[in-house]
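Worksheet: one structure, shown below.
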Amino acid sequence: MSWTEERVELLKKLWTDGLSASQIAAELGGVTRNAVIGKVHRLGLSGRTKTTRPAAPRVRKARSPSMPPRPVTRVIGNTALKLNVVAEQQVEAEIVPVRTLAPVTELFIPPEQRATILELNEHTCKWPIGDPGHDDFYFCGRRSESGVPYCEHHCSVAYQPASDRKRSKASGAN
DNA sequence: CCCTGATTCGC
DNA sequence: GCGAATCAGG
């Protein structure tokens, strides 16, 4: 493929939007990221304005490698009641499908990095994108550390500290 | 190993 | 001008 005026314009737009060379290459199709970078230099676009994020989004590591973070069930008073309390909450959790995280601005995932559920494995990010049941539903599918369910970006989203989320203060005690 | 952009150099 | 190969870095 050649650098038509259209493709150059799209390249300029995506580059100044802060997409990486490989993402742009995927978007354009028919070119490699090397080609994109080469073109960017020839156009004199290199050295993006400071809006560029540091390569990969830095994230804190998932705490315990084996055990995913989980809301702690606090037991006040007679700890002998603990098991019952947990059991009740689990039952409730099954019938109340809620994602309480605040809406997140999704990354742009190039189409060829996206994964269907059948393509997920221990090395792929399992972050769902879109609505299940719609045909535009897919999973992030980027590389994740072995055994870690999400890529770096979605780890940082999934394990976002509670202090960063919108707080819904429970009014009454209980 | 995954990724990033930068540079070189034969075509 | 183009882009694969390579380099340097996170």
Side-chain angles (χ1 to χ4, degrees), chain A residues 1-72 99-166:
Chain A
M1 267 222 154
S2 62
W3 287 109
T4 64
E5 199 168 316
E6 279 183 356
R7 290 163 63 78
V8 170
E9 285 308 307
L10 184 52
L11 166 63
K12 286 180 183 174
K13 177 183 179 298
L14 297 178
W15 182 259
T16 51
D17 277 356
L19 294 200
S20 72
S22 59
Q23 287 176 317
I24 295 172
E27 189 80 341
L28 286 170
V31 286
T32 64
R33 71 176 201 94
N34 276 319
V36 169
I37 292 173
K39 187 60 180 174
V40 161
H41 275 253
R42 269 172 254 122
L43 290 171
L45 296 176
S46 64
R48 285 188 272 210
T49 42
K50 208 66 191 265
T51 47
T52 308
R53 315 209 172 272
R58 302 281 107 197
V59 287
R60 73 183 87 247
K61 240 184 166 171
R63 295 89 141 187
S64 45
S66 52
M67 196 183 217
R70 154 166 310 173
V72 174
R99 189 140 110 210
T100 53
L101 288 180
V104 173
T105 302
E106 268 302 342
L107 277 184
F108 172 79
I109 308 296
E112 62 271 38
Q113 284 181 26
R114 300 173 185 180
T116 69
I117 194 168
L118 295 180
E119 292 161 346
L120 298 179
N121 59 41
E122 65 272 25
H123 297 299
T124 58
C125 178
K126 299 163 188 65
W127 189 265
I129 298 175
D131 291 329
H134 284 68
D135 39 18
D136 64 340
F137 179 67
Y138 61 96
F139 293 85
C140 170
R142 300 166 126 212
R143 205 93 192 162
S144 73
E145 286 183 49
S146 186
V148 177
Y150 306 123
C151 67
E152 281 197 50
H153 172 81
H154 287 123
C155 261
S156 69
V157 172
Y159 302 143
Q160 192 177 52
S163 57
D164 289 357
R165 294 189 213 133
K166 184 180 179 181

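Letters go in sequence order (proteins before strands), and every chain restarts at 1.
Distance CZ/A:Arg114 to CZ/A:Phe139: 13.5 Å, rounded to 0.5 Å. Between the OG1 atom of A:Thr124 and the CZ atom of A:Arg142 there is a distance of 13.0 Å, given to the nearest 0.5 Å. Residue A:Tyr138 holds its OH atom at 13.0 Å from OG1 of A:Thr116, rounded to the nearest 0.5 Å.
For the OP1/OP2 pair of B:dC2 and a distance below 4.0 Å, the side-chain nitrogens and oxygens of A:Arg142 include no atom meeting the criterion. Of the side-chain N and O atoms in A:Ser22, one or more sit less than 4.0 angstrom from OP1 or OP2 of B:dT4. Between A:Thr32 and C:dG3 there is no side-chain polar atom (N or O) within less than 4.0 angstrom of OP1 or OP2. A sub-4.0 Å separation between OP1 or OP2 of C:dG3 and a side-chain N or O of A:Trp3 is present.
To the nearest angstrom, P of C:dG3 lies 14 Å from CD1 of A:Ile24. Between the NE2 atom of A:His153 and the P atom of B:dC3 there is a distance of 16 Å, given to the nearest Å. Put simply, CD1 on A:Ile37 is 14 Å from P on C:dA5, counting in whole angstrom units. If you measure from atom CG of A:Asn34 to atom C1' of C:dC2, you get 11 Å, rounded to the nearest angstrom. When rounded to the nearest whole Å, the span between CG of A:Leu19 and P of B:dT4 equals 11 Å. The CD atom of A:Glu152 sits 14 Å away from the P atom of C:dG10 (whole-angstrom rounding). The NE2 atom of A:His41 sits 13 Å away from the C1' atom of C:dC7 (whole-angstrom rounding). Taking atom CG of residue A:Leu45 and atom P of nucleotide C:dC2, one finds them 13 Å apart after rounding to whole Å.
Evaluation of atom-type donor-acceptor distances gives no pair under 3.5 Å for the side chain of A:Arg33 against the base of C:dG3.
Of the listed nucleotides (C:dA5, B:dC2, B:dG5), B:dC2 has the atom at the smallest distance from the side chain of A:Arg143. Listed nucleotides B:dT7, B:dC2, C:dC2 differ in distance to A:Lys39; the shortest reach to its side chain belongs to C:dC2.
Mapping A:Gly38 and A:Ser20 onto DNA chain B by nearest heavy atom places A:Ser20 closer to the 5' end of the strand.
If you check every strand for non-hydrogen atoms under 4.0 Å, A:Ser2 touches nothing.
Ring geometry, A:His154 versus A:Trp127: the interplanar angle falls under 30°, so the pair is classed parallel (tilted spans 30 to 60°).
When the shell of 6.0 Å around CD of A:Glu9 is examined, it contains more than 12 heavy atoms from other residues, nucleotides or ligands.
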